[in-house]
Amino acid sequence: MKPVAKLKYNEAIAELESILEAMKSRNCDIDALTQMTRRAAEIIEECRSRLTNASSDLQDILEKLGK
């Protein structure tokens with residue numbers, strides 16, 4: 001398992017989808033549930049940060065173009 005910061009955005013989303021499917025499964029291992037939830041939270045936090053940074057960067061670029 002890659003550290004969250006090393007995942008590409010698309011890889012992070014794919015892992016989140018995989019975790020969600022595992023959680024929805026009838027065979028979900030309750031002992032692994034906390035670990036899966038923790039990993040999902042880390043991925044969500046990283047993705048949110050990247051999206052915020054990208055939005056800010058794009059806004060800066062567009063403002064410079066508008067001058």
Side-chain angles (χ1 to χ4, degrees):
M1 186 177 330
K2 280 186 184 179
V4 174
K6 299 278 185 183
L7 291 173
K8 292 182 180 182
Y9 185 82
N10 288 340
E11 292 174 327
I13 296 301
E15 186 173 339
L16 275 175
E17 289 172 349
S18 175
I19 290 169
L20 181 60
E21 287 304 313
M23 288 176 160
K24 289 171 28 178
S25 168
R26 290 180 182 236
N27 298 329
C28 181
D29 180 7
I30 195 70
D31 296 323
L33 188 58
T34 300
Q35 182 180 2
M36 287 189 288
T37 303
R38 185 173 290 119
R39 177 71 175 179
E42 290 172 0
I43 293 170
I44 291 167
E45 184 177 333
E46 178 68 22
C47 288
R48 185 176 289 146
S49 175
R50 289 186 196 181
L51 289 170
T52 299
N53 290 338
S55 176
S56 178
D57 289 347
L58 290 171
Q59 197 168 23
D60 289 346
I61 291 167
L62 292 173
E63 285 176 10
K64 288 177 184 175
L65 288 173
K67 289 185 178 180

K.L.:
Report all side-chain donor-acceptor pairs from residues 22-33 shorter than 3.5 Å, counting only partners two or more places apart or in another chain.
P.N.:
residue : atom : partner : partner atom : Å
S25     : OG   : N27     : N            : 2.9
D29     : OD1  : D31     : N            : 3.1

K.L.:
Hey, could you give me the CD1/CD distance between I19 and Q35, rounded to the nearest 0.5 Å?
P.N.:
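The distance works out to 9.5 Å.
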K.L.:
Distance-only check: which donor-acceptor pairs under 3.5 Å involve side-chain atoms of residues 8-16, not counting sequence neighbours?
P.N.:
residue : atom : partner : partner atom : Å
E11     : OE1  : K2      : NZ           : 3.4
E11     : OE1  : K8      : N            : 2.8
E11     : OE2  : K2      : NZ           : 3.4
E15     : OE1  : R39     : NH2          : 3.1
E15     : OE2  : R39     : NE           : 2.6
E15     : OE2  : R39     : NH2          : 3.3

K.L.:
Is there side-chain contact between E17 and E21, with at least one heavy-atom pair below 4.5 Å?
P.N.:
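Contact flag for E17/E21 side chains = no.
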K.L.:
Hey, what do you get for CG (D57) to CG (L62), rounding to the nearest 0.5 Å?
P.N.:
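Reported value, rounded in 0.5 Å steps: 11.0 Å.
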K.L.:
For residues 40-51, dump all side-chain donor-acceptor pairs below 3.5 Å to protein atoms at least two apart in sequence or in another chain.
P.N.:
residue : atom : partner : partner atom : Å
E46     : OE2  : R50     : NE           : 2.9
E46     : OE2  : R50     : NH2          : 3.4
R50     : NH1  : L7      : O            : 2.8
R50     : NH2  : A5      : O            : 3.3
R50     : NH2  : L7      : O            : 2.7

